[in-house]
Amino acid sequence: MTAFNVAQKILLANAAGGLKQLPEPGQPLEIQFTHTLYQDATGTAAALAFEKMGVDRVKTTSVIVVDHKTLQVGYIDGDDHRYLETFSKKYGCWFSRGGLGICHSVFLEDFAAPGKSVIGSDSHTTNAGGMGMLALGAGGTDVSFAMAGTSYKISMPNVVQVNLTGALHPGVLAKDVILNVLKVIGIKGNKDICLEYTGPGLKSLNVTDRATICNMGTEAGVAFSIFPSDDITKAYLEGRKRAGDFKPLAADAGASYSRTVEINLSDLQPTIALYPRLKGMEPVSKHAGMPIDAVFIGSCTNSNYENLARVGELLRGKKVKVDTAIAPGSQAIARQLAAAGYLEIFYAAGVRVMENACSACIGQGFSPPSNGVMLSTANRNFEGRSGTETAAVHLVSPVTAAASAVTGVLTDPRDLLADNPDLVIKLVPPVVDMDAYVKPLPPAEAAKVVMRYGPDIAPLPTLDPLPAKLAGEVMLKLGNEITTDHIQPAGKYLSLRSNADEYAKQATFVQVDKTFSARAAAVRDAGGHGFIVAGDGYGMGSSREHAGLCPRILGIRAIIAKGFERIHLANLANFGILGLTFENPADLERIQQGAKVSLDTSGLESGQLKLVVEGVGDMPLKLAQGKEDIPMIRAGGALSLFASQMKAA
Ligand code: MIC
Ligand code: SF4
């Protein structure tokens, strides 16, 4: 009998059509997801897509969470939230109103279950891997198809084992573990692997620690990360009054892996990921004394009770020296902190306690001052993401952030543990309140719900098919590691998510080149096609499908890069944009912004294409997307293909 690892077991258990044998790595595999997750920033576009699918009721346990756009300056976000609430009621979803928490935190607390699977329209849906769940981020359109009952294609990953030995010292947290894993495996080019955590070190990590580690696997660009489900998982579920959801999940003796990474937890130190784009993971002690202007402790990464209680222990009886904000991951966590007396400690220390939401992680409030330095416990520090283009945001653990808030400079938290050397926290029971959600309505009641839109919720545009010949201009030439925050920034533009035309006009590549959207639209309006050329790691970061949709609205039909990240490449296909790589990566040097180019798309199926660059010559290209994506790209995108199939049926 074959010995299976946990990743293989969970993939088989959730494969469509009762598959008995997994394909070889790199081969397609269809997954039938049991759960789906939307948040409010990607959710409206995804819900609009779902509404076009003509399905009466969701086929998965579907959870919709308001967490990103909670500042609500004006009516737009309120309209989106009301739309999502009526959508939830009409189609049978669970709805979590603003303030109840961050989607990944509430999903872990009340919905994630070992052995099951979730696909969510947010890249950090991987968080639920900490519960022994197959958890993937994807574009909203893909999530909507999964909600409608369609299987979702992944490429069978190579399973990399991360073997944990030793135990963490006080003052060293799960955040430090994942920063050190990222240091070993790098932050790009990992889309063909998943990470499976094993070893004796597992027993020192609780479910929320494990979730932190899986959450930031996304920063490496891995398909997903997973932990086994064991007694620690069982105890967590019992605490959440969900003992019935427990299912053990362990690797078989003798299970094999494509590669093993060894991490000795006892060797780890508090770590900092330097700005920007997690450039350099280094010991905090190496940079100790660095002056800081602000501290943000929050985000889906690690704003759980255990971490924030440690922050409380560090802040007990002290005052912060710099502007400091704490945003608990969920209302349940905030209530638990209150019951244990930690909320009082935060206020007494001079901390600003923020809403239980994404908040400063995505530039929704608490932006640092100009040229400022902020320490943040979030998972990303892309340029401009904080809302302040000139500020540097370094990523650290909650206790490093708290210790630094107290001293006003970057501080190793172990220097401040004299009062509580083991960082012992007060344990109070978790808060479970399922009545806080708007629950799925029975079908008869759901049928009566009237959908409510708002003046700025624009229908999704109809996208035209791919022409047999593309001819136009290179609208932008870019370097390596272009993130989705470069392509389609969030922050102050977040309210435009439900109006893709306006979002494209105002925000696409605005931090890279303010002239881009007007130039691209002019070429489009003159009947030309837009191209973008770039280096490696194109589309890192978020699952936001607007980073595909908005360039497409502006006439971009092909992106030629040295390499793409997984979710973004799928989003490009969903909106009919060709993702191509250079056969000779050095060709990027030979092509300039403004070059006149053409591309014959009739032979897409061969996977080999040729870019003709006026005055330079031909460049061989390869299709980066799968052959099975071609009909969708030819049709103009996923919804265009779906509409044509419906017509034909
Ligand atoms: C992020 O952390 O970048 C976001 C905002 O949560 C995104 C989703 C979005 O852009 O709405 C993500 O991670 O996918
Ligand atoms: Fe929200 Fe930040 Fe988590 Fe994204 S990474 S879901 S913005 S808290």
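Counting starts at 1 for both ligands and their atoms, following the listed order.
Considering backbone and side-chain N/O of Ser543, one or more are found under 3.5 Å from N/O of ligand 1. In terms of N/O distances under 3.5 Å, ligand 1 is approached by Arg544. At least one N or O atom of Ser542, backbone or side chain, sits closer than 3.5 Å to an N or O atom of ligand 1.
Under the 30°/60° scheme for interplanar angles, the aromatic rings of Phe87 and Tyr83 are found to be tilted.
Closest to atom 13 (O) of ligand 1 among all protein heavy atoms lies Ser123 OG, 2.6 Å. Of all protein heavy atoms, the one closest to atom 9 (C) of ligand 1 is Arg497 NH1, 3.4 Å. Ranking the protein heavy atoms by distance from atom 1 (C) of ligand 1 puts Arg380 NH1, 3.2 Å first.
A donor-acceptor pair shorter than 3.5 Å cannot be found between the side chains of His104 and Asn215. There is no side-chain donor-acceptor pair under 3.5 Å between Asp456 and Ser498. Looking at Thr126 and Thr218, their side chains do bring a donor and an acceptor atom within 3.5 Å of each other. A donor-acceptor contact closer than 3.5 angstrom is absent between the side chains of Ser121 and Ser543. A donor atom on one side chain and an acceptor atom on the other are found under 3.5 Å apart for Thr508 and Gln488.
Among the candidates Asp122, Val65, Ile64, Thr61, the single residue satisfying the side chain to side chain contact (heavy atoms under 4.5 Å, CB included) test with Leu37 is Val65.
Each of the atoms 9 (C), 11 (O) of ligand 1 lies under 4.0 Å from some heavy atom of Thr42. Heavy-atom contacts of Asp122 reach the following atoms of ligand 1: 4 (C), 6 (O), 7 (C), 8 (C), 12 (C), 13 (O), 14 (O) (cutoff under 4.0 Å). Each of the atoms 11 (O) of ligand 1 lies under 4.0 Å from some heavy atom of Ala41.
Counting heavy atoms closer than 4.0 Å to ligand 1, residue Ile362 contributes side-chain atoms (C-beta onward) but none from N, CA, C or O.
Within the 4.5 Å cutoff, the side chain of Thr233 has heavy atoms near those of the Arg210 side chain.
For Phe50 and Tyr38, the ring centers sit 6.0 Å or farther from each other.
Using a 4.0 angstrom heavy-atom cutoff, Gln39 counts as in contact with ligand 1.
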Val320 and Leu315: CA distance, side-chain angles, deciding distance, side chain to side chain contact (heavy atoms under 4.5 Å, CB included) verdict:
CA-CA 8 Å; Val320 296; Leu315 294 179; 4.1 Å; yes

Apply salt bridge (charged side-chain N to carboxylate O under 4.0 Å, His left out) to the pair Arg497 and Asp80, showing each step before the final yes or no.
CA-CA 9 Å; Arg497 288 282 175 95; Asp80 282 357; over 6 Å; no

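Salt bridge status for Arg380 with Glu219: present, with a side-chain N to carboxylate O gap under 4.0 Å.
Contact residues for ligand 2 (protein heavy atom closer than 4.0 angstrom to any ligand atom): His68, His104, Asp122, His124, Ser299, Cys300, Cys358, Cys361, Ile362, Asn379, Arg385.
When the options Arg385, His546, His68 are ranked by their closest heavy atom to atom 2 (O) of ligand 1, first place goes to Arg385.
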